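Report on one structure; see the data block that follows.
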Amino acid sequence: MVRLNLKKAAYLQRKLSELVITKDMFNKPIKYIAGVDVAYRKKYAIGVAYILDYDKVEPLTYSVYIVESKVPYIPTYLAFREIWPMAGALLKLKIKPDITLVDSHGLIHPRGFGAATHLGVVLNLPTIGVAKSPLVGKVDKDGYIHVNNKRVGYKFSPKLYISIGHRVSLESAIEIVKHVLRNSIPEPTRLAHIKANEMKYKISME
DNA sequence: GCGACAG
DNA sequence: ATCTTGTCGC
């Protein structure tokens, strides 16, 4: 297991956060939307990217990328652990998504650079963060989440936190996530999560 | 110093 | 997130 240099990692997050775009810079109308998630099995990290038709909200195809997991999970540094499995799966897709939902926070992060944002900036892809539990920030009476005096996210429910990832406005992020909701759960990441767990048992040795 | 802390 | 079976409830 690698040990992160938290000092440098935090510096990188703060530095790269200057590149985040919080305006809509994705293809309209959206035709393809992706959902990415990572599961773990022994020494392996299994990244899955699922592509769905945006209008119909129906699955089209998916890709799997398995790699050895060497970075530990440390709160607020999740991206360093999951970015390669996620990026590997995304880059294997034959259909390029217009926007991607990531199972983590985007700008709802102490240094404004959660995993969803990190992935978006590194791959220069429009991303939205969809997490199941809070990390930081204050929720106002309307449900909006503020971090460092900036409105960057929205608490849709106690189990769903939406935030700007990269190249998308908060308003659009909320609208897009609502569009692909199925039983209060975003369908793209739900399918990616199911597939990633399914793949865990298809790994032969250890 | 103490507690909290995405997946 | 992972390690793990059955079981309670709508």
Side-chain angles (χ1 to χ4, degrees), chain A residues 1-4 6 9-10 12-14 16-17 20 34-50 64-90 100-122 127-139 143-148 150 152-166 170 173 177 183-186 188-203 205-206:
Chain A
M1 197 63 74
V2 181
R3 69 176 176 187
L4 287 174
L6 301 187
L12 182 68
Q13 293 176 321
R14 273 189 280 262
L16 292 182
S17 71
V20 179
V36 296
D37 191 26
V38 181
Y40 298 86
R41 168 74 169 179
K42 293 295 177 63
K43 60 192 290 195
Y44 300 107
I46 306 159
V48 171
Y50 232 106
V64 181
Y65 183 75
I66 300 175
V67 62
E68 275 191 42
S69 179
K70 298 183 175 180
V71 183
Y73 165 66
I74 299 174
T76 76
Y77 296 94
L78 175 65
F80 294 92
R81 175 175 170 78
E82 306 202 325
I83 195 165
W84 296 122
M86 295 194 292
L90 277 172
T100 301
L101 265 47
V102 183
D103 241 305
S104 69
H105 289 298
L107 294 190
I108 297 177
H109 180 277
R111 293 171 292 284
F113 211 66
T117 298
H118 197 138
L119 180 70
V121 170
V122 169
T127 59
I128 295 173
V130 287
K132 293 177 283 300
S133 61
L135 176 60
V136 292
K138 292 174 292 188
V139 184
Y144 288 105
I145 299 172
H146 302 253
V147 179
N148 297 324
K150 288 174 185 170
V152 297
Y154 179 67
K155 180 177 181 178
F156 181 81
S157 76
K159 296 286 287 181
L160 178 56
Y161 298 77
I162 303 168
S163 63
I164 295 172
H166 183 49
L170 179 57
V177 172
N183 296 321
S184 299
I185 297 175
T189 45
R190 189 183 74 87
L191 291 177
H193 185 273
I194 292 174
K195 180 59 65 179
N197 278 292
E198 189 180 311
M199 294 305 298
K200 288 194 304 187
Y201 305 102
K202 289 194 175 183
I203 297 177
M205 315 255 88
E206 320 244 300

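Given the structure is predicted, the values throughout are model-derived calculations rather than measurements.
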How would you label the contact of A:Pro134 with the nucleic acid (heavy atoms, under 4.0 Å): base, sugar-phosphate, or nothing? sugar-phosphate
Classify the ring geometry between A:Phe80 and A:His118 as parallel (under 30°), tilted (30 to 60°) or perpendicular (over 60°). perpendicular
Minimal non-hydrogen separation, A:Ile203 against A:Ile46, with atom names: CD1-CD1, 3.7 Å
Contacted region of DNA chain B by chain A, from 5' end to 3' end of the hits, cut-off under 4.0 Å to heavy atoms, spans B:dC5 to B:dG7
Is the positively charged end of A:Arg111 above the ring of A:Tyr77, judged by distance under 6.0 angstrom from the centroid and angle within 45° of the axis? yes
Round to a whole Å and report the spacing from CD of A:Glu68 to P of C:dA1. 22 Å
Within the structure provided, determine whether A:Pro186 and A:Ile128 are in side-chain contact (heavy-atom separation under 4.5 Å). no
Would you call A:Asp103 and A:Lys132 a salt bridge, taking side-chain N to carboxylate O under 4.0 Å as the test? yes
A:Met1 atom CE is separated from C:dA1 atom P, nearest whole Å, by 16 Å
When we call it a touch if two heavy atoms are under 4.0 Å apart, what does A:Ala115 touch: a base, just sugar-phosphate, or nothing? base
Interatomic distance, A:Ile108 atom CD1 to A:Tyr161 atom OH [nearest 0.5 angstrom]: 9.0 Å
As an exercise, state the distance from OG1 of A:Thr100 to NE2 of A:His166, rounded to the nearest 0.5 Å. 11.5 Å
Round to a whole Å and report the spacing from CG of A:Asp37 to C1' of C:dA1. 9 Å
Side-chain N,O (A:Lys200) to OP1/OP2 (C:dT2) below 4.0 Å: yes
How close or far is atom C1' of C:dT2 from atom OH of A:Tyr44, stated in whole angstroms? 17 Å
When we call it a touch if two heavy atoms are under 4.0 Å apart, what does A:Ser104 touch: a base, just sugar-phosphate, or nothing? base
Across the strands shown, which category fits A:Tyr73 at heavy-atom distances under 4.0 angstrom: base, sugar-phosphate, nothing? base
Within the 4.0 Å heavy-atom criterion, would you say A:Tyr77 contacts the bases, only the backbone, or no part of the nucleic acid? base
I want to check one thing: is the phosphate of C:dT2, taken as OP1 and OP2, less than 4.0 Å away from some side-chain N or O of A:Asn197? yes
